[in-house]
*Asks:* 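Quick one: structure below, then a few questions.
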2 protein chains.
Amino acid sequence: MEAVPRKTTIREVAQAASVGIGTISRVLNSSSQVSRETRARVLEAIRRLGFRPNAQARRILKRRAEMVCFLLSNRDFLHPFHARILQGVESYASGLKQHVLFAALHYSPRTPPDRIDLPPVLQEHGLIDGLILAGTIYPNLLRRIESIHMPFVAFSNNVVGMGDEEQFDQVGFDDFNGTLHATRYLIGKGHRHIVFAADVSYPWLWRRFEGYRQAMRENKLKHVLITSRNPQSFVDFGQKSAGRILSRQPRPTAAVAGNDEIAYGLWRALRRQGLKVPDDISLVGFDDREEAVLMDPPLSTVHVDKEEIGETCMKMLLERLHHPRMTFSQRILPTEFVIRGTVRQL
Amino acid sequence: MEAVPRKTTIREVAQAASVGIGTISRVLNSSSQVSRETRARVLEAIRRLGFRPNAQARRILKRRAEMVCFLLSNRDFLHPFHARILQGVESYASGLKQHVLFAALHYSPRTPPDRIDLPPVLQEHGLIDGLILAGTIYPNLLRRIESIHMPFVAFSNNVVGMGDEEQFDQVGFDDFNGTLHATRYLIGKGHRHIVFAADVSYPWLWRRFEGYRQAMRENKLKHVLITSRNPQSFVDFGQKSAGRILSRQPRPTAAVAGNDEIAYGLWRALRRQGLKVPDDISLVGFDDREEAVLMDPPLSTVHVDKEEIGETCMKMLLERLHHPRMTFSQRILPTEFVIRGTVRQL
DNA sequence: TTAGGGTGTGGAACCAGTTCCAGGGTTTGT
DNA sequence: ACAAACCCTGGAACTGGTTCCACACCCTAA
């Protein structure tokens, strides 16, 4: 009854259709060099025998795995942010009949490159054609990947400690202009005392700080950076920043948070102290995570199209695979400030 | 496509080490039938030539892809819940040198099985050994998967419309006992008027409702089901339920939400109406999403170990691959009520 | 001395596809 | 009428590993 169907091969199909094996291959690869009747006969035989070509065998000859790996490094778990990038990679890839492998990696920035233990996917050869690097990326990981000659594209916003001379394909989004526009918006709404809250030792938060500072400078306003000591997390950072913001004289009328989590922490701590957003203080975030719309009022923040990042990474990787000697490129995707409910007109 | 540089093969390594190809293979597979000196010479040659065996070629012979696919169906995006399951699958798999492919699928429950368009991974043969099904699973998808004779394990909490006679490997968690314990906890805290808010047309929410009802019955308390009309989302469902809860006489002192999103919606709507959780009304959720701890006060909810689900799915799939004729099994993982700050002692 | 067992090694055959070349048939050009 | 060009087709050779069998060699026992 439940007999497992014997795996049919092209030789069996060839016999069933009374043609040669080469013809089967030609039909499968839809090369036009097959007459209409022969093609029909072959397709009929394929259907009758339930034949599905073995992907592995083809890949040996083609020297292409038609598969890439999405490698998430140094993340305790797959946050929605990276999950959406992965989704972008997958949806673009599957449209081109490319497959996406998911792997995670944990490493220290101080491990020498040749001592970094790569995940199993990268230890074998021919399993994947290329790599999309996401998560925090330090130079030693890059060196390690280069040492196995694996083409890759990096999601570059979380790249840390890289000199300008570094050359590799990268896709990122525009930290600087994101906060620049957000801050200009606040200024346009009449705000003058605006603080920026984030740990700027992270390069991406530093770039956001720079955007904020630029907007302040343009308007001859004083920039103020708020940090906090020993935060447990970004949310905690935000919570701890609240007190420091409120103790300033004159009291700031608005805060730009380095990301949505800091904004959330701030919002929560402010609310606990009986202050209302945006009535008492306006607030903007960065990243536009899922929770931003859920906050009450919903958070005005800088929107980043995560799917587009994934898609662009995949697109760039495929280009690299087609043209291995092409010069490296860097793409910065635009961000967009979305107005919701946390900024008030002064 | 540009020509890919030819990589070293075992034949070249064999020549370099002055041994036969069989010996190289034996060294690679660490079979003990190789003398110490020969092994050393081979390893040296491998190192010198930078040889990495071609995974594809081995797979043809082994008839194993050492790869499984995590298929997410009918989800607009990869939510943290499923992201963590995926992570569980990956971390367990990579320890066993198995690889995990990510793919997404959208289909209608009413499409006939043979008309469901499977993702590219499943159209080829030999690419993956098995499948882990997550997302909403209707019978027609199961039929479709069975038709291509692909071993699979389903994450069964979101299985819909399946008769009891259905036989397949599944892993799920305990909806019933989750709400049972949560409700008993509320009762233990002195609550008597407890409502349950959810759309129970979803089988999993129905099971949670049953757990709640059981606890109420045990204590001779009346169960009350709160639903709402045309919700846009679970959060919206929760928001719309708030009014219905408050209009009841006597006013309920506690609410069990079908999941954390409903709980969040409820919490927000209650707060807007000037009611405090847990002072005015106690609240418990289900799932223990990331946001639960972030709510203010943090949400008491039923914790589900998502990584464990993923791990168990992978484990079960590997068992199935090793023993294809084994009878189907079903594993229900325990849930745990976690006490945070949304329940008050009456 | 010979038989027997165990260990180590080489390489042909194999897996399931693709590629390519030779050859047959038909059409077109002169 | 004959050659050249073209289309279609069959199948050997190939890809890069694994498997397995034959065989050489060494050691021990009868």
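As a basis for the values below, the full set of heavy atoms in this structure was taken, side chains included, without hydrogen atoms, waters or symmetry mates. Per chain, numbering begins at 1; letters A, B, ... match sequence-line order.
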*Asks:* Using a cut-off of 6.0 Å, state whether more than 12 heavy atoms not belonging to Arg52(A) lie near its atom CZ.
*Replies:*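 Above 12, so yes.
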*Asks:* Hey, is CD on Gln15(A) packed in by over 12 heavy atoms from elsewhere, all under 6.0 Å?
*Replies:*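 Count not over threshold, so no.
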*Asks:* Answer yes or no: is there a side-chain heavy-atom contact under 4.5 Å between Asn74(B) and Leu141(B)?
*Replies:* no
*Asks:* If I take atom CG in residue Leu49(B) and atom C1' in nucleotide dG16(D), what distance separates them, rounded to the nearest angstrom?
*Replies:* 15 Å
*Asks:* Taking CD1 from Ile46(B) and P from dG17(D), how many angstroms apart are they, rounded to a whole number?
*Replies:*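 Roughly 10 Å, once rounded to whole Å.
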*Asks:* In whole angstrom, what separates Arg64(B)'s CZ from dC15(C)'s P?
*Replies:* 18 Å
*Asks:* Given axes from five pairs at either end, by how many degrees does the helix from dT1(C)-dA30(D) to dT30(C)-dA1(D) bend, rounded to 10°?
*Replies:*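 Here the local axes at opposite ends form an angle of 50°.
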*Asks:* According to salt bridge (charged side-chain N to carboxylate O under 4.0 Å, His left out), who are the partners of Arg75(B), at least two apart in sequence or on a separate chain?
*Replies:*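 Per chain and number, Arg75(B) pairs via salt bridge (charged side-chain N to carboxylate O under 4.0 Å, His left out) with no residue.
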*Asks:* So, does Thr23(B) get its side chain near the phosphate of dG10(C), meaning an N or O under 4.0 Å from OP1 or OP2?
*Replies:*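 Yes.
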*Asks:* Does a side chain donor of either Arg41(B) or Thr38(B) reach within less than 3.5 Å of an acceptor in the other side chain?
*Replies:*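 The criterion, which ignores hydrogens and geometry beyond distance, is not satisfied for Thr38(B) and Arg41(B).
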*Asks:* Determine the minimum heavy-atom distance between Val42(A) and Ala17(A), stating which atoms define it.
*Replies:*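 Of all heavy-atom pairs spanning Val42(A) and Ala17(A), the closest is CA-CB, 4.1 Å.
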*Asks:* Which pair of heavy atoms, one from Asp114(B) and one from Arg144(B), lies closest together, and at what distance?
*Replies:* CA-CD, 4.1 Å
*Asks:* At under 4.0 Å, does any side-chain N or O of Thr38(B) touch on OP1 or OP2 of dG8(C)?
*Replies:*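 Checking Thr38(B) against dG8(C): no side-chain N or O falls below 4.0 Å of OP1 or OP2.
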*Asks:* Going 5' to 3' along nucleotides 16-26 of chain C, which nucleotides have protein heavy atoms under 4.0 Å from the base (write B), which only from the sugar-phosphate (write S), and which from neither (write -)?
*Replies:* BBBBB------
*Asks:* Under 6.0 Å from the CZ atom of Arg115(A), do we count more than 12 heavy atoms belonging to anything else shown?
*Replies:* no
